[in-house]
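Data first, discussion second: the structure below is written as structure tokens.
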Amino acid sequence: MKPAEHMVAEAVAETPFRYRIPRRGAMRVPGVVFATRRLLPEASGDQALQQVADVATLPGIVTASYAMPDVHWGYGFPIGGVAATDIAEGGVVSPGGVGFDISCGVRLLAAGCDRDGLGRRLERLMDGLGRRVPRGAGRGGVWHVSRAELAEVLAHGARYAVERGHGVPRDLERCEDGGTLPGADPGQVGERAVDRGLGQVGSLGSGNHFLEVQAVDVVHDAAAARAMGLAPGQVCVMIHCGSRGLGHQICTDHVRAMDPVMPRYGIEVPDRQLACAPVDSGPGRAYLAAMAAAANYARANRQLLAEAARRAFAESVGCGLDLVYDISHNMAKLERHPVGEDAAPRLLCVHRKGATRALPPGHPDLPADLSAVGQPVLIPGTMGTASYVLTGVADGDAWHSTCHGAGRVRSRHRAAREIDGHRLRGELEAHGVAVRASSWRGLAEEAPQAYKDVDEVVAAAEGAGLCRKVARLVPLGVVKG
DNA sequence: ATGTCC
């Protein structure tokens, strides 16, 4: 198979919310980008569309290489990319299709108070959260585990954290996969990854990760919001973080393992960052077992941070926090879906990188009390702007996936050069958003000006028929990594 | 995203 390096990817409008990159060269399927003209990456400055085309060359890919409205350039795969491969047809798994921050995701908790009831206690609450939430690059976590305990975290995720008293059993009903992604093998996690993971359980990290105190600003779907436990004006906590240095090291290790053995499986890719192996192969199975372990680590991480937030709320506000949902947006999952004209579902490896699973109403994996409304889809906005709760729809495209956030449009470097962190903090505080940051540069890198407009991204995702809006949330205070 | 280069 000839690499696709000479192609220039061009997107052709099919509808106002759907663009097509026609199949050519080594592409096995077309590219499909769900976006408006305005949200489409510029072919000149951003390689994201070429990356959508490159992903379409992967062995076993079915139907299309998809991109969500927040798509932008990433490592190998675009961020905002969705690709499914047919395992029985030699379909591959690619670490670049998951990303370095394996199982980066979002957890939303609903507080037993509303924004008016919070009032002047917000500053005291933010101080408590600022003390209790470890954050910043390289920083340690709230739960220091032994090697034996870490192996349990890797195997059982949030379920193990709850068994050890860090949370309540109901939390697990509101986690993707009940808090434990099956198939994790701590034995496939390298020593270095283990060393990095030991001290970071219960820590935010840096970049666009945050813990925000938010309030429900608009309810778009009253019945769905009610079923999720959300009401107008209600205070919420949103936690956005991932698998820290452990997931990063696992990605690095498995890309290195796959890169030299691709010829053994007859695989040629147009970009080395698309290193991959058949799901049904030694390196493929090893990666998926390690990836699942990192996914469990990320869930336990968010579980511990939720407990830290509960203590801060109990202390400063005197109210509880109920888990609404916990969902990842950087994962590869084995799922059964009908493909093309065939009615019989096929077992697929669905890569979602900067894309969120969006199960429709009635799906068997949903908890009983959410079955009628569908899976909560949690969309973290850019710092200081809105976030969203969405839900899956019955005829959802792209293997029931939607967007994951705003999507970066200005590089970290450029944002840090052009924006002053001190001044940005002043602007946020002037808009009524309390800020507890870890570094001025980090704050500047995550300025709203560096991202697409999350309202526009969500409107495009809904317009494209990928999801429905349930509620819009606005920040009252942000604890920033 | 990331002990922002082993």
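Keep in mind it's a predicted model, so treat the numbers as computed, not measured.
Of all non-hydrogen atoms in A:Asn301 and A:Gly202, the two that sit nearest each other are OD1-N, 2.7 Å.
Straight-line distance from the CZ atom of A:Phe100 to the P atom of B:dT4: 13 Å, rounded to whole Å. Residue A:Arg414 contributes atom CZ, which lies 25 Å from atom P of B:dT4 at whole-angstrom precision. Rounded to whole Å, atom P of B:dT2 lies 12 Å from atom CD1 of A:Ile102. The interatomic distance linking A:Arg139 (CZ) with B:dT4 (P) rounds to 15 Å, in whole Å. Regarding A:Arg192, its CZ atom lies at a distance of 14 Å from the P atom of B:dC5, rounded to whole Å. Counting to the nearest Å, the P atom of B:dT2 and the NE2 atom of A:His413 are 20 Å from each other. Separating the NE2 atom of A:His248 from the C1' atom of B:dT4 is a distance of 8 Å, rounded to the nearest angstrom. In this structure, A:Gln249 places its CD atom 14 Å from C1' of B:dT4, rounding to the nearest Å.
The residue A:Glu445 sits apart from the nucleic acid: no heavy atom pair falls under 4.0 Å. Within 4.0 Å of A:Gly99, counting heavy atoms only, lies no atom of the nucleic acid at all. Residue A:Gly242 is classed as having no contact, given no heavy-atom separation below 4.0 Å to the nucleic acid.
For B:dT2, the OP1/OP2 oxygens have a side-chain nitrogen or oxygen of A:Arg244 closer than 4.0 Å. For B:dT4, neither phosphate oxygen OP1 nor OP2 lies less than 4.0 angstrom from any side-chain nitrogen or oxygen of A:Ser206.
Not one N or O on the side chain of A:Lys469 forms a donor-acceptor pair closer than 3.5 Å with the backbone of A:Val458.
Of the two residues near DNA chain B, A:Arg412 and A:Arg256, the one whose nearest nucleotide lies more 5' is A:Arg412.
For the pair A:Arg147 and A:Asp195, the salt-bridge criterion is met [side-chain N within less than 4.0 Å of a carboxylate O].
Counting heavy atoms of neighbouring residues, nucleotides and ligands inside a 6.0 Å radius, atom CZ of A:Arg423 does not exceed 12 of them.
Taking the six-membered ring where the residue is Trp, A:Phe34 and A:Tyr66 present parallel rings, their angle staying beneath 30° rather than reaching 60°.
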